[in-house]
Amino acid sequence: MEFMCGVTPGSMPRHRAECYHYLLDAAIKMYQLGIDWTTPEHGPINSAKRLRSVASPGVPNGCHTAKSSKHCVVLDIEGTTTPISFVTDVMFPYARDNVRKHLTSTYDSEETKEDIKLLRIQVEEDLKIGVVGAAPVAPDDAGKEEVISSLVANVEAMIKADRKITSLKQLQGHIWRTGFERKELQGVVFEDVPEALKNWQSQGMKVYIYSSGSREAQRLLFGHTSYGDLRQFLCGFFDTTTGNKREARSYFEISQSLGVDNPSQILFITDVLQEAVAAKSAGFEVIISIRPGNAPLPANHGFRTISSFSEI
Ligand SMILES: CSCCC(=O)C(=O)COP(=O)(O)O
(Lines give C-alpha, C1' and ligand atoms only; values in the text may rest on other atoms or scores of the structure.)
Protein backbone atom coordinates (compact mmCIF):
# COMPACT_ATOMS: atom_id res chain seq x y z
CA MET A 1 0.00 0.00 0.00
CA GLU A 2 2.89 2.33 0.78
CA PHE A 3 4.14 1.99 -2.79
CA MET A 4 0.75 2.59 -4.36
CA CYS A 5 -0.13 5.60 -2.20
CA GLY A 6 3.20 7.25 -2.93
CA VAL A 7 3.51 7.74 0.84
CA THR A 8 7.08 8.31 1.95
CA PRO A 9 8.19 8.94 5.56
CA GLY A 10 8.39 12.69 4.80
CA SER A 11 4.87 12.82 3.43
CA MET A 12 3.11 10.66 6.00
CA PRO A 13 -0.36 11.97 6.79
CA ARG A 14 -0.63 13.52 10.23
CA HIS A 15 -4.29 12.84 10.98
CA ARG A 16 -6.60 9.88 10.69
CA ALA A 17 -8.83 11.76 8.21
CA GLU A 18 -5.82 12.60 6.05
CA CYS A 19 -4.77 8.95 6.13
CA TYR A 20 -8.23 8.01 4.94
CA HIS A 21 -7.78 10.25 1.89
CA TYR A 22 -4.36 8.81 1.08
CA LEU A 23 -5.91 5.35 1.08
CA LEU A 24 -8.87 6.60 -0.90
CA ASP A 25 -6.55 7.96 -3.61
CA ALA A 26 -4.91 4.56 -3.75
CA ALA A 27 -8.35 2.92 -4.09
CA ILE A 28 -9.30 5.30 -6.90
CA LYS A 29 -6.05 4.59 -8.75
CA MET A 30 -6.62 0.84 -8.40
CA TYR A 31 -10.20 1.22 -9.56
CA GLN A 32 -9.04 3.25 -12.57
CA LEU A 33 -6.48 0.55 -13.34
CA GLY A 34 -9.26 -2.02 -13.23
CA ILE A 35 -7.89 -3.78 -10.12
CA ASP A 36 -10.50 -4.91 -7.60
CA TRP A 37 -9.80 -3.84 -4.04
CA THR A 38 -11.45 -5.61 -1.13
CA THR A 39 -11.54 -4.33 2.42
CA PRO A 40 -13.05 -6.06 5.47
CA GLU A 41 -15.15 -2.93 6.08
CA HIS A 42 -16.39 -2.30 2.53
CA GLY A 43 -16.08 -5.60 0.68
CA PRO A 44 -15.07 -5.52 -2.98
CA ILE A 45 -14.68 -2.05 -4.51
CA ASN A 46 -15.27 -3.07 -8.07
CA SER A 47 -17.63 -0.50 -9.57
CA ALA A 48 -17.96 3.27 -9.80
CA LYS A 49 -21.06 3.06 -7.58
CA ARG A 50 -19.19 1.11 -4.89
CA LEU A 51 -16.32 3.56 -5.06
CA ARG A 52 -18.69 6.50 -4.61
CA SER A 53 -20.48 4.93 -1.66
CA VAL A 54 -17.16 4.14 0.04
CA ALA A 55 -15.80 7.57 -0.83
CA SER A 56 -18.63 9.44 0.84
CA PRO A 57 -19.19 7.43 4.02
CA GLY A 58 -22.41 8.14 5.85
CA VAL A 59 -23.80 10.30 3.07
CA PRO A 60 -26.35 8.38 1.03
CA ASN A 61 -26.38 8.89 -2.75
CA GLY A 62 -28.65 11.83 -3.67
CA CYS A 63 -28.25 13.64 -0.34
CA HIS A 64 -25.69 16.06 -1.77
CA THR A 65 -28.18 17.85 -3.96
CA ALA A 66 -30.08 20.23 -1.66
CA LYS A 67 -29.21 23.67 -3.05
CA SER A 68 -29.92 25.52 0.18
CA SER A 69 -27.25 23.64 2.12
CA LYS A 70 -24.39 24.77 -0.13
CA HIS A 71 -22.05 27.29 1.43
CA CYS A 72 -19.21 27.38 -1.06
CA VAL A 73 -18.65 26.96 -4.77
CA VAL A 74 -15.23 25.93 -6.07
CA LEU A 75 -14.65 26.46 -9.78
CA ASP A 76 -12.15 24.99 -12.20
CA ILE A 77 -11.04 27.40 -14.96
CA GLU A 78 -10.16 25.70 -18.26
CA GLY A 79 -13.34 24.19 -19.72
CA THR A 80 -15.50 25.53 -16.86
CA THR A 81 -15.27 29.32 -16.50
CA THR A 82 -13.11 29.76 -19.58
CA PRO A 83 -12.88 28.17 -23.03
CA ILE A 84 -10.15 25.55 -23.36
CA SER A 85 -9.18 27.28 -26.62
CA PHE A 86 -8.31 30.50 -24.77
CA VAL A 87 -5.89 28.63 -22.51
CA THR A 88 -4.35 26.43 -25.20
CA ASP A 89 -4.38 28.85 -28.15
CA VAL A 90 -3.67 32.15 -26.38
CA MET A 91 -2.23 31.72 -22.86
CA PHE A 92 0.11 28.78 -23.50
CA PRO A 93 1.53 30.18 -26.78
CA TYR A 94 2.09 33.54 -25.06
CA ALA A 95 4.15 31.82 -22.36
CA ARG A 96 6.03 29.71 -24.90
CA ASP A 97 6.83 32.69 -27.14
CA ASN A 98 8.01 34.87 -24.24
CA VAL A 99 9.85 32.44 -21.98
CA ARG A 100 13.32 33.28 -23.30
CA LYS A 101 12.70 37.04 -23.16
CA HIS A 102 11.28 36.76 -19.63
CA LEU A 103 14.16 34.67 -18.28
CA THR A 104 16.73 36.95 -19.94
CA SER A 105 15.27 40.21 -18.62
CA THR A 106 14.60 38.95 -15.09
CA TYR A 107 17.50 36.48 -14.69
CA ASP A 108 18.97 38.11 -11.57
CA SER A 109 15.66 38.72 -9.77
CA GLU A 110 14.85 36.67 -6.66
CA GLU A 111 11.58 35.56 -8.26
CA THR A 112 13.28 34.13 -11.34
CA LYS A 113 16.05 32.53 -9.26
CA GLU A 114 13.29 30.71 -7.37
CA ASP A 115 11.56 29.75 -10.64
CA ILE A 116 14.81 28.34 -12.00
CA LYS A 117 15.43 26.42 -8.78
CA LEU A 118 12.00 24.78 -9.03
CA LEU A 119 12.51 23.98 -12.72
CA ARG A 120 15.90 22.39 -12.01
CA ILE A 121 14.34 20.12 -9.36
CA GLN A 122 11.49 19.15 -11.71
CA VAL A 123 13.84 18.39 -14.63
CA GLU A 124 16.06 16.26 -12.41
CA GLU A 125 13.03 14.21 -11.37
CA ASP A 126 11.85 14.00 -14.99
CA LEU A 127 15.24 12.78 -16.17
CA LYS A 128 15.26 10.06 -13.51
CA ILE A 129 11.95 8.66 -14.75
CA GLY A 130 12.60 9.32 -18.46
CA VAL A 131 9.97 11.97 -19.17
CA VAL A 132 9.89 12.70 -22.90
CA GLY A 133 11.33 16.14 -23.71
CA ALA A 134 13.32 16.48 -20.47
CA ALA A 135 16.94 17.52 -21.09
CA PRO A 136 19.68 18.40 -18.59
CA VAL A 137 19.70 22.03 -17.43
CA ALA A 138 23.12 23.66 -17.84
CA PRO A 139 24.92 24.39 -14.54
CA ASP A 140 25.14 28.00 -13.37
CA ASP A 141 28.83 28.22 -14.22
CA ALA A 142 28.03 27.45 -17.89
CA GLY A 143 26.78 31.03 -18.15
CA LYS A 144 23.43 32.77 -18.41
CA GLU A 145 22.82 32.05 -22.13
CA GLU A 146 23.49 28.31 -21.75
CA VAL A 147 21.30 28.04 -18.67
CA ILE A 148 18.44 29.92 -20.34
CA SER A 149 18.62 27.89 -23.56
CA SER A 150 18.48 24.62 -21.66
CA LEU A 151 15.55 25.89 -19.56
CA VAL A 152 13.65 27.12 -22.62
CA ALA A 153 13.92 23.67 -24.24
CA ASN A 154 12.47 22.04 -21.12
CA VAL A 155 9.72 24.62 -20.67
CA GLU A 156 8.66 24.27 -24.31
CA ALA A 157 8.38 20.50 -23.89
CA MET A 158 6.41 20.93 -20.65
CA ILE A 159 3.96 23.34 -22.29
CA LYS A 160 3.57 21.06 -25.31
CA ALA A 161 2.70 18.17 -22.99
CA ASP A 162 0.26 20.42 -21.02
CA ARG A 163 1.92 19.43 -17.76
CA LYS A 164 0.13 20.62 -14.62
CA ILE A 165 3.25 20.98 -12.49
CA THR A 166 3.96 23.77 -10.03
CA SER A 167 7.37 24.74 -11.48
CA LEU A 168 5.88 25.38 -14.92
CA LYS A 169 2.71 27.02 -13.61
CA GLN A 170 4.62 29.47 -11.39
CA LEU A 171 6.83 30.52 -14.30
CA GLN A 172 3.88 30.82 -16.69
CA GLY A 173 2.11 33.09 -14.19
CA HIS A 174 5.14 35.38 -14.09
CA ILE A 175 5.33 35.55 -17.89
CA TRP A 176 1.57 36.19 -18.18
CA ARG A 177 1.83 39.03 -15.64
CA THR A 178 3.76 41.06 -18.22
CA GLY A 179 1.18 40.17 -20.88
CA PHE A 180 -1.72 41.41 -18.73
CA GLU A 181 0.17 44.54 -17.65
CA ARG A 182 0.91 45.41 -21.28
CA LYS A 183 -2.67 44.58 -22.29
CA GLU A 184 -1.37 41.93 -24.67
CA LEU A 185 -3.59 39.47 -22.78
CA GLN A 186 -7.18 39.81 -21.60
CA GLY A 187 -8.94 37.18 -19.47
CA VAL A 188 -11.77 35.31 -21.17
CA VAL A 189 -14.77 33.86 -19.31
CA PHE A 190 -18.02 32.45 -20.67
CA GLU A 191 -20.81 35.04 -20.77
CA ASP A 192 -22.86 33.39 -17.98
CA VAL A 193 -19.94 33.53 -15.54
CA PRO A 194 -20.07 37.18 -14.31
CA GLU A 195 -23.82 37.00 -13.66
CA ALA A 196 -23.49 33.70 -11.77
CA LEU A 197 -20.65 35.06 -9.63
CA LYS A 198 -22.77 38.10 -8.74
CA ASN A 199 -25.80 35.95 -7.91
CA TRP A 200 -23.83 33.55 -5.74
CA GLN A 201 -22.31 36.45 -3.85
CA SER A 202 -25.70 38.08 -3.29
CA GLN A 203 -27.01 34.74 -1.96
CA GLY A 204 -24.20 34.68 0.59
CA MET A 205 -22.28 31.88 -1.08
CA LYS A 206 -18.53 32.04 -1.17
CA VAL A 207 -16.87 31.33 -4.49
CA TYR A 208 -13.31 30.04 -4.90
CA ILE A 209 -11.14 28.99 -7.82
CA TYR A 210 -9.17 25.75 -7.95
CA SER A 211 -7.03 25.58 -11.07
CA SER A 212 -3.69 24.14 -12.12
CA GLY A 213 -2.78 27.68 -13.16
CA SER A 214 -0.91 29.45 -10.34
CA ARG A 215 -2.90 31.60 -7.93
CA GLU A 216 -1.24 34.67 -9.39
CA ALA A 217 -2.25 33.60 -12.91
CA GLN A 218 -5.83 33.03 -11.72
CA ARG A 219 -5.97 36.50 -10.16
CA LEU A 220 -4.59 38.01 -13.37
CA LEU A 221 -7.17 36.25 -15.53
CA PHE A 222 -10.18 37.19 -13.37
CA GLY A 223 -8.79 40.67 -12.71
CA HIS A 224 -8.58 41.57 -16.41
CA THR A 225 -11.66 40.23 -18.20
CA SER A 226 -13.78 41.99 -20.82
CA TYR A 227 -16.44 42.13 -18.05
CA GLY A 228 -14.02 44.00 -15.79
CA ASP A 229 -12.37 42.87 -12.58
CA LEU A 230 -14.26 39.79 -11.35
CA ARG A 231 -12.01 39.23 -8.31
CA GLN A 232 -14.53 41.15 -6.19
CA PHE A 233 -16.79 38.08 -6.44
CA LEU A 234 -14.08 35.58 -5.52
CA CYS A 235 -13.10 34.71 -1.96
CA GLY A 236 -9.91 32.79 -2.64
CA PHE A 237 -7.71 30.83 -5.00
CA PHE A 238 -6.24 27.32 -4.84
CA ASP A 239 -3.59 25.90 -7.17
CA THR A 240 -1.26 22.90 -7.43
CA THR A 241 0.49 23.93 -4.22
CA THR A 242 -2.62 22.55 -2.50
CA GLY A 243 -2.21 19.31 -4.43
CA ASN A 244 -2.92 17.55 -7.69
CA LYS A 245 -6.46 18.18 -8.90
CA ARG A 246 -6.98 14.48 -9.59
CA GLU A 247 -6.33 13.42 -5.98
CA ALA A 248 -8.99 13.28 -3.25
CA ARG A 249 -6.65 14.60 -0.57
CA SER A 250 -6.39 17.95 -2.41
CA TYR A 251 -10.13 18.42 -1.92
CA PHE A 252 -9.79 17.36 1.70
CA GLU A 253 -7.16 20.12 2.08
CA ILE A 254 -9.51 22.64 0.46
CA SER A 255 -12.41 21.69 2.73
CA GLN A 256 -10.07 22.13 5.72
CA SER A 257 -8.99 25.56 4.44
CA LEU A 258 -12.59 26.66 3.86
CA GLY A 259 -13.52 25.51 7.36
CA VAL A 260 -16.87 24.01 6.39
CA ASP A 261 -18.45 21.48 8.74
CA ASN A 262 -19.17 19.00 5.99
CA PRO A 263 -17.50 18.79 2.55
CA SER A 264 -20.93 18.18 0.99
CA GLN A 265 -21.53 21.89 1.61
CA ILE A 266 -19.01 22.59 -1.13
CA LEU A 267 -20.02 22.44 -4.78
CA PHE A 268 -17.14 21.79 -7.19
CA ILE A 269 -17.61 22.39 -10.92
CA THR A 270 -15.11 20.98 -13.40
CA ASP A 271 -14.93 19.56 -16.92
CA VAL A 272 -12.44 16.80 -16.01
CA LEU A 273 -13.93 13.48 -14.94
CA GLN A 274 -10.89 12.44 -12.85
CA GLU A 275 -11.16 15.70 -10.89
CA ALA A 276 -14.90 15.12 -10.44
CA VAL A 277 -14.23 11.61 -9.08
CA ALA A 278 -11.54 12.87 -6.70
CA ALA A 279 -13.72 15.71 -5.35
CA LYS A 280 -16.72 13.41 -4.98
CA SER A 281 -14.50 10.98 -3.09
CA ALA A 282 -13.65 13.75 -0.64
CA GLY A 283 -17.39 14.29 -0.10
CA PHE A 284 -17.91 17.36 -2.32
CA GLU A 285 -21.00 17.81 -4.43
CA VAL A 286 -19.80 17.83 -8.03
CA ILE A 287 -21.21 19.05 -11.33
CA ILE A 288 -19.46 18.49 -14.64
CA SER A 289 -19.26 21.46 -16.98
CA ILE A 290 -19.93 20.85 -20.64
CA ARG A 291 -18.68 23.77 -22.70
CA PRO A 292 -17.92 24.16 -26.42
CA GLY A 293 -14.58 22.54 -27.16
CA ASN A 294 -14.51 20.31 -24.05
CA ALA A 295 -13.49 16.66 -24.39
CA PRO A 296 -16.39 14.19 -24.59
CA LEU A 297 -17.25 12.29 -21.41
CA PRO A 298 -17.59 8.53 -21.16
CA ALA A 299 -21.14 7.18 -20.95
CA ASN A 300 -22.65 6.53 -17.51
CA HIS A 301 -20.22 8.69 -15.57
CA GLY A 302 -23.00 9.36 -13.08
CA PHE A 303 -22.46 13.09 -12.53
CA ARG A 304 -24.91 15.92 -13.12
CA THR A 305 -23.84 18.06 -16.08
CA ILE A 306 -24.51 21.68 -17.05
CA SER A 307 -23.63 23.76 -20.08
CA SER A 308 -24.12 27.14 -18.34
CA PHE A 309 -23.87 28.31 -14.74
CA SER A 310 -27.41 29.70 -15.19
CA GLU A 311 -28.65 26.08 -14.86
CA ILE A 312 -27.52 25.88 -11.23
C1 LIG B 1 -5.01 30.73 -14.71
S2 LIG B 1 -5.21 30.61 -16.38
C3 LIG B 1 -4.23 29.29 -16.90
C4 LIG B 1 -4.79 28.01 -16.52
C5 LIG B 1 -3.78 26.92 -16.64
O6 LIG B 1 -2.59 27.18 -16.68
C7 LIG B 1 -4.22 25.59 -16.67
O8 LIG B 1 -3.40 24.68 -16.76
C9 LIG B 1 -5.67 25.29 -16.60
O10 LIG B 1 -5.87 24.35 -15.64
P11 LIG B 1 -7.31 24.05 -15.01
O12 LIG B 1 -6.97 23.27 -13.80
O13 LIG B 1 -8.02 25.32 -14.73
O14 LIG B 1 -8.05 23.20 -16.00
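These values consider heavy atoms only, across backbone and side chains, with no hydrogens, waters or symmetry-generated copies.
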Q. Do E125 and R120 sit within salt-bridge range, that is, some charged N less than 4.0 Å from a carboxylate O?
A. no
Q. Taking everything shown except K144 itself, do over 12 heavy atoms lie less than 6.0 Å from its NZ?
A. yes
Q. Under 3.5 Å, is there a donor-acceptor pair between the side chain of D76 and the main chain of V272?
A. no
Q. Do any N or O atoms from the side chain of S289 and from the backbone of D271 form a donor-acceptor pair under 3.5 angstrom?
A. no
**Q.** Heavy-atom donor-acceptor pair, K198 side chain to F233 backbone, under 3.5 Å
**A.** no
Q) Within a radius of less than 6.0 Å around NZ of K206, do more than 12 heavy atoms belonging to other residues, nucleotides or ligands occur? A) no
Q. Could you go step by step and tell me if D126 and R163 meet the salt bridge (charged side-chain N to carboxylate O under 4.0 Å, His left out) rule?
A. CA-CA 12 Å; D126 291 350; R163 296 189 63 196; 2.7 Å; yes
Q. So, W176 side chain and M91 main chain: donor-acceptor pair closer than 3.5 Å or not?
A. yes
Q) Hey, are Q218 and S214 close enough side-chain-wise for a donor-acceptor pair under 3.5 Å? A) no
Q) Between R96 and E156, is the closest basic N to carboxylate O distance under 4.0 Å? A) no
Q. Salt bridge (charged side-chain N to carboxylate O under 4.0 Å, His left out) between D229 and R219: does it pass, once the steps are laid out?
A. CA-CA 9 Å; D229 186 347; R219 291 172 52 78; over 6 Å; no
Q: Just do the side-chain contact (heavy atoms from CB on, under 4.5 Å) check on F92 and K160 with the steps written out, would you?
A: CA-CA 9 Å; F92 289 174; K160 193 171 168 201; over 6 Å; no
Q | Connected via hydrophobic side-chain network under 4.5 Å: I165 and L119 | A | yes
(Q) Tell me if the CZ atom of R215 is crowded by more than 12 foreign heavy atoms within 6.0 Å. (A) no
Q. Is it true that a side-chain atom of T82 and a backbone atom of E78 form a donor plus acceptor pair closer than 3.5 Å?
A. no
Q. Any side-chain heavy atom of V123 within less than 4.5 Å of one from V131?
A. no
Q. Just one of L197, T81, N199, V73 clears the side-chain contact (heavy atoms from CB on, under 4.5 Å) bar with F309, so which one?
A. T81
Q: Look only at the side chain of R291 and the backbone of S307, and say whether a donor-acceptor pair between them is shorter than 3.5 Å.
A: yes
Q) If we only count heavy atoms from C-beta on, is the T178 to L185 side-chain gap below 4.5 Å? A) no
**Q.** Close side-chain approach of K169 and D239, heavy atoms under 4.5 Å
**A.** no
**Q.** N/O donor-acceptor pair under 3.5 Å between T112 side chain and D115 backbone
**A.** no
**Q.** Mutual orientation of the aromatic rings belonging to Y208 and F238 [parallel < 30°, tilted 30-60°, perpendicular > 60°]
**A.** tilted
Q: Could you give me the CA-CA distance, side-chain angles and deciding distance for R177 and E111, then say whether salt bridge (charged side-chain N to carboxylate O under 4.0 Å, His left out) is met?
A: CA-CA 13 Å; R177 185 202 297 143; E111 181 181 272; 2.6 Å; yes
Q) Should the pair Y210 and F268 be assigned to parallel (<30°), tilted (30 to 60°) or perpendicular (>60°) ring geometry? A) tilted
Q. Heavy-atom count around K113 NZ within 6.0 Å, excluding the residue itself: above 12?
A. yes
Q. Donor-acceptor pair, S149 side chain versus E146 backbone, under 3.5 Å?
A. no
Q. Counting heavy atoms not belonging to E184, are there more than 12 under 6.0 Å from its CD?
A. yes
Q | Side chains of T166 and T240, donor plus acceptor under 3.5 Å | A | yes
